[in-house]
Amino acid sequence: MKFKLGDFVRFVDEKREGYVTKIIDAQTLGVTDEDGFEIPVAISNLTSVHGHGVITEVQDAPKPVQVNVPSINKIENGIYVGVATDNKAGNVVHFHLLNQSPNVLLVSLTTERKEKYAGAFHGVIEAYQSTLVYSASLADLDLWPEFTFQILISGKTDVKPVDPLVIRKKFRAKDFSSEQKELPVAKNEGWLIRLDDLVPVTIDAQKLKESFFKSPAEKKTIEAPAKEIDLHIEKLRDDHHFLEADEILQIQLNYFQNALDAAVVHHYDRMIFIHGSGNGTLRDKIHKLISKNPHIKTYMDARKEKFGYGATEVVFK
């Protein structure tokens with residue numbers, strides 16, 4: 001018999017019950033009893049207790065859970081993970097993927113730990129619905145795998161299809177440092193983490209150019225960027241001390257791309273991006289993006305006497 005986190009079980013050889021709060025290995029589980037003690041127990045010495053609303057068999061694709069749409073309307077449209085605490089097994093948290101949008105999502109979730117991969121969930125999430133995709137012990141946060149969400153978005157209206165999303169997320173302690181709130185995906189409290197904020201958002205320069213010919217009521221206002229853009233993370237985020245290296249790089253690249261597209265819209269002739277020298281990772285990423293941009297004529301190191309090799313000047317067509 002297979003068990004999962006949160007299952008209510010009974011010991012075979014003694015009068016004791018509890019909830020599964022840790023999967024130690026393929027033969028052993030951690031079971032927390034009514035006194036709050038977590039005990040390592042062989043799976044062969046456990047049996048499931050029915051009548052507690054727990055499904056004993058692991059399901060490949062949990063069924064979507066219909067959520068209360070009126071309460072969700074308070075949340076901005078987007079794709080979220082609701083990490084809900086378990087009222088009965090205190091150390092266990094359940095991950096609900098929330099589709100707060102009018103689109104249909106085709107989702108695949110893969111976990112990776114030490115270069116070993118496992119398919120955790122795949123399925124369809126209808127508009128304004130959620131589904132359970134994963135469970136884990138909060139006490140083992142440092143041992144959690146990295147999550148890769150692959151999301152295909154299907155719209156029901158006459159609009160151009162958007163590119164599929166690939167979102168990689170390694171949950172950190174700071175994700176759970178805020179106060180718990182009531183979740184729209186469950187009856188208990190937890191944390192709501194937005195996923196599509198981690199996806200680079202770029203401006204379609206050509207569409208924005210076309211928008212200048214629309215009426216004032218239709219026209220979008222795009223603020224003109226500075227002629228020199230400093231991409232050092234301390235200039236972009238006050239909380240940079242709490243960010244991981246990969247998060248910092250993504251924030252810098254997003255800021256760069258948005259500033260570059262805005263410069264195209266405002267017909268800049270040239271622009272300078274200050275990226276620093278460092279290990280060259282940000283510089284190389286920026287140069288790769290620049291080389292593929294059809295609006296750029298050329299680029300070069302900017303004023304070495306002032307910036308050294310820590311800045312790039314872009315010349316637009």
Side-chain angles (χ1 to χ4, degrees), residues 76-79 101 103 151 153 155 157 159-168 194-240 243-278 280-304 306-317:
E76 183 181 355
N77 272 10
I79 303 171
S101 79
N103 302 310
I151 303 174
I153 302 174
T157 57
V159 295
K160 182 180 178 181
V162 299
D163 292 335
L165 305 181
V166 178
I167 305 167
R168 293 179 175 85
R194 184 164 184 174
L195 288 180
D196 50 345
D197 268 354
L198 304 178
V199 180
V201 178
T202 59
I203 301 171
D204 190 322
Q206 185 60 38
K207 286 186 177 180
L208 289 177
K209 278 184 177 181
E210 295 171 357
S211 72
F212 287 130
F213 297 98
K214 296 181 179 180
S215 65
E218 299 176 308
K219 189 179 296 185
K220 293 182 180 179
T221 302
I222 301 300
E223 185 178 350
K227 292 295 183 72
E228 289 187 6
I229 301 294
D230 194 338
L231 296 174
H232 286 89
I233 191 61
E234 59 268 21
K235 300 291 185 180
L236 306 180
R237 292 282 291 265
D238 293 333
D239 61 346
H240 61 90
L243 300 174
E244 301 293 331
D246 56 341
E247 294 176 310
I248 291 174
L249 179 61
Q250 192 60 67
I251 290 169
Q252 292 171 315
L253 291 175
N254 290 352
Y255 196 90
F256 160 78
Q257 187 66 63
N258 287 336
L260 186 72
D261 288 341
V264 172
V265 171
H266 286 276
H267 306 286
Y268 279 19
D269 57 349
R270 58 187 61 230
M271 193 176 195
I272 292 176
F273 292 95
I274 305 169
H275 45 67
S277 50
T281 301
L282 179 60
R283 178 179 183 270
D284 293 343
K285 293 282 188 181
I286 286 174
H287 285 189
K288 186 175 181 179
L289 291 172
I290 291 173
S291 65
K292 296 180 179 180
N293 194 304
H295 302 285
I296 294 175
K297 181 178 181 180
T298 187
Y299 62 96
M300 64 207 75
D301 291 325
R303 285 182 281 168
K304 294 180 181 178
K306 180 178 180 180
F307 302 110
Y309 292 95
T312 296
E313 183 173 10
V314 173
V315 179
F316 297 94
K317 292 181 180 178

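Position 1 is the first residue of the sequence, and the numbers go up from there. Keep in mind it's a predicted model, so treat the numbers as computed, not measured. All values below come from the heavy atoms of this structure, side chains included, with hydrogens, waters and symmetry mates left out.
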Note to self: Could you walk me through whether Leu253 and Leu282 satisfy the side chain to side chain contact (heavy atoms under 4.5 Å, CB included) test, starting with their C-alpha distance in whole Å, then the side-chain angles of each, then the deciding distance to 0.1 Å, before giving a yes or no?
What the structure shows: CA-CA 8 Å; Leu253 291 175; Leu282 179 60; 3.9 Å; yes
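- Applying the ring pair (Phe, Tyr, Trp, His ring centres under 6.0 Å) test to Phe256 and every residue at least two apart in sequence or in another chain returns Phe273.
- Nearest heavy atoms, Arg194 versus Gly78: NH2-CA, 3.6 Å.
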Next item on the list: Begin from the C-alpha positions of Lys317 and Lys297 and carry the test side chain to side chain contact (heavy atoms under 4.5 Å, CB included) through to its verdict.
Entry: CA-CA 5 Å; Lys317 292 181 180 178; Lys297 181 178 181 180; 4.0 Å; yes
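- Side chains of Gln252 and Thr281 form no contact here, defined as non-hydrogen atoms less than 4.5 Å apart.
- The shortest non-hydrogen separation linking Ala311 to Ile274 is CB-CA, 4.1 Å.
- Residues Ile229 and Ala226 share a closest heavy-atom pair of CD1-O, 3.6 Å.
- Taken from CG in Leu243 to CD in Gln250, the straight-line distance is 12.0 Å, to the nearest 0.5 Å.
- Put simply, CG on Leu195 and CG on Leu165 are 9.5 Å apart, with the number rounded to the nearest 0.5 Å.
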Next item on the list: Check the pair His295 / Val314 against side chain to side chain contact (heavy atoms under 4.5 Å, CB included), numbers first and verdict last.
Entry: CA-CA 10 Å; His295 302 285; Val314 173; over 6 Å; no
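- His287 pairs by the ring pair (Phe, Tyr, Trp, His ring centres under 6.0 Å) definition with Tyr299, not counting sequence neighbours.
- The CG atom of Leu231 lies 10.5 Å from the CG atom of Leu249; values are rounded to the nearest 0.5 Å.
- Across every non-hydrogen atom of Asp230 and His232, the tightest pair is OD1-ND1, 2.6 Å.
- A pairwise comparison of heavy atoms in Ala262 and Glu223 identifies CB-O, 4.1 Å as the closest pair.
- Between Leu260 and Phe316, some side-chain heavy-atom pair lies under the 4.5 Å cut-off.
- One distance of note links CG of Asn293 with CD of Gln257; it measures 6.5 Å at 0.5 Å rounding.
- Asp301 contributes atom CG, which lies 6.0 Å from atom OG1 of Thr312 (distance to the nearest 0.5 angstrom).
- Atom CG of Asp238 and atom CD1 of Ile233 lie 10.0 Å apart (nearest 0.5 Å).
- Contact check for Met300 versus Val315: side-chain heavy atoms found under the 4.5 Å cut-off.
- The nearest pair of heavy atoms linking Ala263 to Met271 is CB-SD, 3.5 Å.
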